[in-house]
There are 2 protein chains.
Amino acid sequence: MYGIVPVGHIRSPLIDRAHAPMQGSEGAPDARLVFEPQYLDALRDLRAGDEILVLTWLHQSDRSVLRVHPRDNMAAPLRGVFSTRSPDRPNPIGIHRVRILAVDTPLELTVGELEAIDGTPIIDIKPVLDRARER
Amino acid sequence: MYGIVPVGHIRSPLIDRAHAPMQGSEGAPDARLVFEPQYLDALRDLRAGDEILVLTWLHQSDRSVLRVHPRDNMAAPLRGVFSTRSPDRPNPIGIHRVRILAVDTPLELTVGELEAIDGTPIIDIKPVLDRARER
C-alpha cells in the first residue's frame, strides 16, 4: 500500500458525476486547477498553450468494481475494467489530457475541456510527449 | 491521503534505475506484467495487439523533489517536475504506453518496450484512446 497526497484540486461547474461527460472532448467545460502552496516550485515552468496530462484521484469511485458495462450502456457486454476507462476500478486514477489556457496565478491554471467534477483531487501533472511515443 | 494498492508487478531484465532508458522508445526491452489473482476479472478483455497505458508506482523515487535537471542533464536549467517526466515527484506515478505482445496466462502479459525496472508495482491498466483525444 502506497500513500497518494493530493497536490491540488479541480474547480469546475461540473458538480455531479452522473451529469459529467465521459471524456473531455465530449462537451466538457473549462476548469481551474488550484494547487497547494508547497508545490509552487513544481509548477514554475508550466505555460499557457502547453498540453498536459492531469492525473486525478476519482474520489467518488467504487474501488471494488472489476467488470463494467462500457460507458454505462447496459446493452453492452460486461468488460474487465482494465480494458475500459471506467472511473470504477481498483486504483481510481484519472488521466485527462488538456491544454493550459491561462496561468492565472502561480498556483492556479485554467485548462480547457476537463470532464472531472468539482473538488476532484489532483495528484500529478505531466507534460504530453510527442504523439508517436505516447498517448 | 489516499491508499494505492498494487495490482501486480513488472518482471524485466532492467534491474537498475541508473541503467534504464528514460522512455520505452529509447531501447527498452520487452517485459512481463504479472498480476495478483484477485484482479483476474479486470484483465479478461485484454488481447494481444492492444495498446495500453501501464500505470506504475515508481517505488525508488524521491518524493521530496520539486525541481530537476531534465533527463539528468546537469547543463540544463532546473525545471519544475510537473513540466518533466522525472520519476522524482510528489506522487511518483509512471505512465507507460506499450503494446501487448502476448497473453501468456490469464494473469500474465508480455508487452513491448517498457522502461520500468524489475519489481516495479503496477497500479492500473487503461486502454489507449484514439490519437486525437489523448496521449
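Chain letters run A, B, ... following the sequence lines, proteins first and then strands; every chain starts at 1. Atoms considered below: every heavy atom in the structure, side chains included; atoms not considered: hydrogens, waters and symmetry mates.
For A:Glu113, no part sits under 4.5 Å from any heavy atom of chain B, backbone or side chain. Only the backbone of A:Thr84 comes within contact range of chain B, judged by heavy atoms closer than 4.5 Å. Proximity to chain B is limited to the side chain of A:Leu55, based on heavy atoms less than 4.5 angstrom apart. Heavy atoms closer than 4.5 Å to chain A are found nowhere in B:Pro92, neither backbone nor side chain.
To the nearest 0.5 Å, the span separating CZ on B:Arg89 from CG on A:Asp124 amounts to 4.0 Å. Atom-to-atom distance recorded for A:Ile122:CD1 and B:Asn91:CG is 11.5 Å, nearest 0.5 angstrom.
Proximity of a side-chain donor or acceptor of A:Asp118 to a complementary backbone N or O of A:Ile15 within less than 3.5 Å is not detected.
Ion pairing between a basic and an acidic side chain is recognised when a charged N comes within 4.0 Å of a carboxylate O; B:Asp50 and B:Arg99 show no such pairing.
Between chain B and the options A:Arg44, A:Arg47, A:Arg63, heavy-atom pairs under 4.5 Å are most frequent for A:Arg63.
A parallel orientation is assigned to the rings of A:Tyr2 and B:Trp57, their planes being inclined by less than 30° (bins at 30° and 60°).
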